[in-house]
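Note on naming: letters A, B, ... go to the chains in the order of the sequence lines (proteins, then strands), and numbering restarts at 1 for each one.
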There are 2 protein chains.
Amino acid sequence: MSALSELGEFIREQRRNAQISLRQLAQQTGVSNPYLSQIERGLRRPSAEVLQQIGNALRISTPVMYLRAGLLEAKESGGVVSAIAADDELTERQKHLLLEIYDSFRRENTEHSPGADRAGHLVEES
Amino acid sequence: MSALSELGEFIREQRRNAQISLRQLAQQTGVSNPYLSQIERGLRRPSAEVLQQIGNALRISTPVMYLRAGLLEAKESGGVVSAIAADDELTERQKHLLLEIYDSFRRENTEHSPGADRAGHLVEES
DNA sequence: GCAGAGCGCTTGCAAAAGTTAGCACCCCTG
DNA sequence: CAGGGGTGCTAACTTTTGCAAGCGCTCTGC
């Protein structure tokens, strides 16, 4: 399975998940519906602009979209932690909270009983 | 001045700064030198792949490159967003949530009355 | 039954992206 | 001065992107 058709399936999945038809998505994105069809079936490689529009309409963040398309290299683990630490727009307290949430998410995924723990309480106090 | 030629001049500037000729950069990036020339003079719009290669050769981080090219919104300027996107330990949903929290934090900081908005509701529903 | 509107898909076609070949202009070095 | 190797740029070509038009299908209302 090529990375191209993986991307296509991901997009199709997200679109179906959002209960949107090809033509509706086409209208929202400004991309033609035949082209969207081809993208979803993995026989065309959309440009970054188109990807941006699709992600925008489907509420998927652009970097996530680019990552799926192989346009953004997957960074080494710890990237999130250091990126948060280096951010100059967050307060120290916010960084701390964000990191705790990040950790709790990762813990969720490695748990045997998934979905049991929730991160809601972590944002209770700003 | 179009955003296209701005990008071109930026690349040229970075290349000159690194003391690299067009052909050398072409070889390093795997892109032909005439095309690089056209990119630098702002009369061609490089794809994200090419941009990635250029940034890679010139030691410019990919998100910064995309940002310069207008392929990434300024609001998701940094490392945090792309780092989250690239993380392979989080589910898509978790990434989305984390990004929303991150955004809400930054919004808090730029508001006139800080602390008014809370991010708690963002984690309410899985 | 049969318009009409929705769905996704196929087919050519225009416009970009990108390449190979070759131009003109230097700066050396024999 | 011939020449080779460096620079960046131009021209013609191939490949890919993205779209308009139209296909066949299904469902609904008249």
Say whether, by atom type as modelled, one donor and one acceptor occur between the side chain of Arg15(B) and the main chain of Ile20(B) under 3.5 angstrom. yes

Please list, in 5' to 3' order, the outermost nucleotides of DNA chain D lying under 4.0 Å from any heavy atom of chain A. dT17(D) to dG22(D)

Give the intermediate values and the outcome of side-chain hydrogen bond (donor to acceptor under 3.5 Å, both in side chains) for residues His96(A) and Glu92(A). CA-CA 6 Å; His96(A) 194 69; Glu92(A) 290 307 314; over 6 Å; no

Quick check on DNA chain C: between Asn33(B) and Arg15(A), whose nearest nucleotide comes earlier from the 5' end? Arg15(A)

Can you give me the closest heavy-atom contact between Ile60(B) and Val64(B), atom names plus distance? CG2-CG1, 3.8 Å

Residues Glu13(B), Arg16(B): salt bridge by 4.0 Å N-O rule: no

Quick one, Thr62(B) with Tyr66(A), criterion side chain to side chain contact (heavy atoms under 4.5 Å, CB included). Give me CA distance, side-chain angles, the key distance, then yes/no. CA-CA 11 Å; Thr62(B) 320; Tyr66(A) 288 174; over 6 Å; no

Check the surroundings of atom CD in Gln24(A): do more than 12 heavy atoms from other residues, nucleotides or ligands lie under 6.0 Å from it? yes

Set out, in order, the CA-CA distance, both residues' side-chain angles and the distance that settles side chain to side chain contact (heavy atoms under 4.5 Å, CB included) for Leu98(B) and Lys95(B), then state yes or no. CA-CA 5 Å; Leu98(B) 210 52; Lys95(B) 287 179 186 179; 5.7 Å; no

note: Leu36(A), atom CG; dG8(C), atom C1'; distance rounded to Å ~ 11 Å

Evaluate side chain to side chain contact (heavy atoms under 4.5 Å, CB included) for Glu40(A) paired with Leu22(A), printing each intermediate quantity in order. CA-CA 10 Å; Glu40(A) 290 190 348; Leu22(A) 258 180; 4.1 Å; yes

Distance check needed: dG8(C) C1' versus Tyr35(A) OH, whole Å only. 17 Å

Considering only distance and modelled atom types, tabulate donor-acceptor pairs under 3.5 Å from the side chains of residues 50-57 of chain B, sequence neighbours left out.
residue	atom	partner	partner atom	Å
Gln52(B)	NE2	Leu71(A)	O	3.3
Gln52(B)	NE2	Glu73(A)	OE1	3.4

Could you please spell out the steps behind the side chain to side chain contact (heavy atoms under 4.5 Å, CB included) verdict for Leu36(A) and Arg23(A)? CA-CA 9 Å; Leu36(A) 278 179; Arg23(A) 282 188 164 80; over 6 Å; no

Residues of residues 24-32 of chain B with a heavy atom under 4.0 Å from any atom of DNA chain C, listed by number, are Gly30(B), Val31(B), Ser32(B)

For Ile39(A) and Pro46(A) the tightest heavy-atom approach is CD1-CB, 3.6 Å

Suppose the criterion is side-chain hydrogen bond (donor to acceptor under 3.5 Å, both in side chains): which pairs have a residue in residues 41-50 of chain B, not counting sequence neighbours? Arg45(A)-Glu49(B), Ser37(B)-Arg41(B), Ser47(B)-Glu49(B)

Give, ordered by number, those residues of residues 38-51 of chain A having at least one heavy-atom distance below 4.0 Å to an atom of DNA chain D; if nothing qualifies, reply none. Gln38(A), Arg44(A), Arg45(A), Pro46(A), Ser47(A), Val50(A)

Five-pair end axes of the helix from dA15(C)-dT16(D) to dG30(C)-dC1(D) and the angle they enclose, rounded to 10°: 10°

Which atoms form the tightest heavy-atom contact between Ala48(A) and Ala48(B), and what is the distance? CB-CB, 4.0 Å

